[in-house]
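Everything below concerns the one structure shown next.
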Amino acid sequence: MNFFLETLKVTGLFFYYLLESLVFLIVPRRKKDVSGEIVLVTGAGSGIGRLLSLKFASLGSTVVLWDINEEGLKETGKLATKNGAARVHTYVCDCSKRQDIYRVADQVKKEVGDVTILINNAGIVTGKTFMDSPDSLVEKTMEVNIMAHFWTYKAFLPAMIASNHGHLVSIASAAGLVGVNRLSDYCASKYGAVGFAESIALEMRDMGKNGVKTTVVCPFVINTGMFDGCEAKWQTLLPILEPEYVAEKIMTAIRQDQEILALPRSVYFLIALKHMLPVKAAVIFAEYFGVMSLMNAFKGQGKRD
Ligand SMILES: NC(=O)c1ccc[n+]([C@@H]2O[C@H](COP(=O)([O-])OP(=O)(O)OC[C@H]3O[C@@H](n4cnc5c(N)ncnc54)[C@H](O)[C@@H]3O)[C@@H](O)[C@H]2O)c1
């Protein structure tokens, strides 16, 4: 295609997509049917993972639940059955271990079938200054929060590519879009998760696999216990999010094939500011909005070292 035609095509498509997204702001997109899908949720034993599992269960999906916490997993399994899941399969899996992921993934393929919606949700946080973070916790954070995404994709993506059908969901964080003091390993892992998810989305597009959808989720603090004690100075701008609200937003994003979801909406604005302003000006804003003091009162889910 010559330069003139290509420029004309790109200009036309650019305005078409802008208009399309404006229309979808007013007219909600159709939500896809997920009954009959095989949905794997890592970290399904509590918090957002449990809520997502129950929501897919109530929509008639088969749910495959992974967690390292056997008790929490059992409880989610029971609730998912009650909620009407087509089938419920629970597996204890340590997502910090590649071999464990591959072993359990093989078991899932044999016992349940090919996973069609993969939700990488398991996550942990150290919550200390970098110099106070023990090497073992830094490594664990990277293994659970990002390396596990590589290994689960290696295990389940080939079948999605072969059938040109599937959905890859990455529960990252707003801390994957902006660095935060006392969260260096967490931010590094979540930036990794965002970069990985975006790259795979482009690979699917480049391969013509438009049936394999992707969603990356970047929420601010959620009231699940993981970030207990933390709060931003300006609650109106950055409120602590309720888990039910976040899970419902994630479900809508998945069912509408939305590529990125940041919560609350102010995160889009703050990230745009960060990229437009000089660093010193952006840091002043980070202090003003309380991002720099966010972790001061961090308690989390108990002692980790
Ligand atoms: N809570 C927040 O403020 C917040 C904000 C942004 C993003 N997130 C992300 O959302 C996701 C869910 O977090 P949550 O708030 O529901 O926390 P949560 O602690 O309630 O849930 C995390 C789950 O992951 C499981 N898990 C931990 N290590 C594991 C391992 N090695 N193998 C398998 N499972 C393991 C835990 O047992 C737990 O059930 C995480 O990825 C988290 O980073 C949370």
Side-chain angles (χ1 to χ4, degrees), residues 40-55 64-77 79 90-105 119-127 136-137 139-149 151-152 169-178 180 183 185-194 196-197 215-232 238-247 249-250 261-264 267 291 294-295 297-302 304:
L40 189 155
V41 183
T42 71
S46 66
I48 297 302
R50 172 174 290 168
L51 289 174
L52 292 177
S53 307
L54 301 187
K55 286 181 186 292
V64 181
L65 313 174
W66 286 13
D67 207 291
I68 198 172
N69 169 1
E70 199 171 351
E71 282 309 303
L73 194 57
K74 267 194 206 153
E75 182 60 20
T76 308
L79 294 170
T90 57
Y91 297 88
V92 173
C93 178
D94 182 350
C95 290
S96 70
K97 298 201 163 62
R98 178 165 52 99
Q99 291 313 332
D100 214 34
I101 291 176
Y102 284 160
R103 179 185 60 77
V104 183
I119 305 181
N120 270 297
N121 163 78
I124 54 171
V125 60
T126 308
S136 59
L137 279 191
E139 252 167 13
K140 195 58 112 189
T141 300
M142 297 307 284
E143 283 160 359
V144 178
N145 294 8
I146 176 59
M147 298 311 293
H149 297 206
W151 318 136
T152 52
V169 183
S170 175
I171 308 298
S173 170
L177 303 170
V178 63
V180 182
L183 276 180
D185 52 353
Y186 187 79
C187 286
S189 70
K190 295 296 185 179
Y191 263 78
V194 173
F196 177 60
T215 299
V216 58
V217 182
C218 299
F220 181 63
V221 176
I222 314 165
N223 189 15
T224 56
M226 186 185 222
F227 280 89
D228 254 8
C230 297
E231 59 177 33
L238 287 171
I240 304 292
L241 304 164
E242 283 310 314
E244 177 58 36
Y245 166 80
V246 174
K249 286 283 186 192
I250 296 174
L261 171 68
L263 292 168
V267 170
V291 176
L294 180 70
M295 292 296 289
F298 172 79
K299 293 198 289 279
Q301 281 156 331
R304 309 204 57 186

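Counting convention: from 1, in listed order, for ligands and their atoms alike. Atoms considered below: every heavy atom in the structure, side chains included; atoms not considered: hydrogens, waters and symmetry mates.
Ligand 1 has no nitrogen or oxygen under 3.5 angstrom from a nitrogen or oxygen of Phe227. Polar contact with ligand 1: present for Ser46 (N/O pair, distance under 3.5 Å). The N/O atoms of Ile48, backbone and side chain alike, include one that comes under 3.5 Å of an N/O atom in ligand 1.
Considering each of Cys218, Cys95, Ala175, Gly300, the one bringing a non-hydrogen atom nearest atom 30 (C) of ligand 1 is Cys95. The closest heavy-atom contact to atom 37 (O) of ligand 1, among the options Thr76, Asn69, Asp228, Asp67, comes from Asp67.
Taking the side chain as every heavy atom from C-beta outward, Phe298 and Leu183 never approach each other to under 4.5 Å.
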Can you check side-chain contact (heavy atoms from CB on, under 4.5 Å) on Ile101 and Trp66, steps first, answer last?
-> CA-CA 10 Å; Ile101 291 176; Trp66 286 13; 4.1 Å; yes
Step-by-step side-chain contact (heavy atoms from CB on, under 4.5 Å) determination, Asp100 to Trp151 | CA-CA 10 Å; Asp100 214 34; Trp151 318 136; over 6 Å; no
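The Gly47 neighbourhood of ligand 1 comprises atoms 16 (O), 20 (O), with distances under 4.0 Å to a heavy atom of that residue. Each of the following atoms of ligand 1 lies closer than 4.0 Å to a heavy atom of Val144: 31 (N). Of all the atoms in ligand 1, the ones that sit under 4.0 Å from a non-hydrogen atom of Val221 are 3 (O). Counting the atoms of ligand 1 from 1 in the order shown, those under 4.0 Å from a heavy atom of Ile171 are 9 (C), 10 (O), 11 (C), 41 (O). Each of the atoms 22 (C), 24 (O), 40 (C), 41 (O) of ligand 1 lies under 4.0 Å from some heavy atom of Gly123. Interface atoms of ligand 1 facing Gly43, defined by a heavy-atom separation under 4.0 Å, are 23 (C), 24 (O), 25 (C), 39 (O). Remark: ligand 1 atoms within the under-4.0 Å shell around heavy atoms of Ala122 are 24 (O), 34 (N), 35 (C), 41 (O). Interface atoms of ligand 1 facing Phe220, defined by a heavy-atom separation under 4.0 Å, are 5 (C), 6 (C).
The backbone N or O of Ile68 lies less than 3.5 Å from no partner atom in the side chain of Asp94, so there is not a single donor-acceptor pair. Judged by distance alone, the side chain of Tyr102 and the main-chain N or O of Thr152 form no donor-acceptor pair under 3.5 Å. Looking at Arg50, its side chain never comes within 3.5 Å of a backbone N or O of Ala44 through a donor-acceptor pair. Judged purely by atom type and a 3.5 angstrom limit, Asp228 has no side-chain atom pairing as donor or acceptor with the backbone of Lys299. Thr42 places a side-chain N or O within 3.5 Å of a backbone atom of Ala122 that can act as its donor or acceptor partner. No side-chain donor-acceptor contact under 3.5 Å links Lys190 to the backbone of Val178. A distance-only check finds a donor-acceptor pair linking the side chain of Asn145 to the backbone of Ile124 [under 3.5 Å]. Between the side chain of Tyr91 and the backbone N or O of Asp67 there is no donor-acceptor pair closer than 3.5 Å. Checking side-chain atoms of Thr90 against main-chain N and O of Gly77 turns up no donor-acceptor pair under 3.5 Å. Of the possible polar contacts, none joining the Arg98 side chain to the Met147 backbone as a donor-acceptor pair under 3.5 Å is found.
With a 4.0 Å heavy-atom cut-off, ligand 1 is reached by no atom of Ala174. Residue contacts with ligand 1 for Gln301 involve side-chain atoms from C-beta outward but no N, CA, C or O (heavy atoms, distance under 4.0 Å). For Lys190, every heavy-atom contact with ligand 1 shorter than 4.0 Å involves the side chain, none the backbone. Under 4.0 angstrom from ligand 1, there are no non-hydrogen atoms of Ala44. Only side-chain heavy atoms of Ile124 come within less than 4.0 Å of ligand 1; its backbone N, CA, C and O stay farther off.
Closest protein heavy atom to atom 8 (N) of ligand 1: Tyr186 OH, 3.5 Å. In this structure, the protein non-hydrogen atom closest to atom 3 (O) of ligand 1 is Ile222 N, 2.6 Å. Atom 13 (O) of ligand 1 has Met226 SD, 4.0 Å as its closest protein atom, hydrogens excluded (heavy atom only). The protein heavy atom nearest to atom 40 (C) of ligand 1 is Asn121 O, 3.1 Å. Atom 33 (C) of ligand 1 has as its closest protein heavy atom Cys93 O, 3.2 Å. Given atom 31 (N) of ligand 1, the protein heavy atom at minimum distance is Asp94 OD1, 2.9 Å. The protein heavy atom nearest to atom 1 (N) of ligand 1 is Thr224 OG1, 3.0 Å. Nearest non-hydrogen protein atom to atom 34 (N) of ligand 1 is Ile68 N, 3.4 Å.
Heavy atoms of Ser96 approach ligand 1 to within less than 4.0 angstrom.
Side-chain atoms of Thr141 and Thr126 include a donor-acceptor pair closer than 3.5 Å.
The residues Glu244 and Lys55 are annotated as salt-bridged, a charged nitrogen and a carboxylate oxygen being separated by less than 4.0 angstrom.
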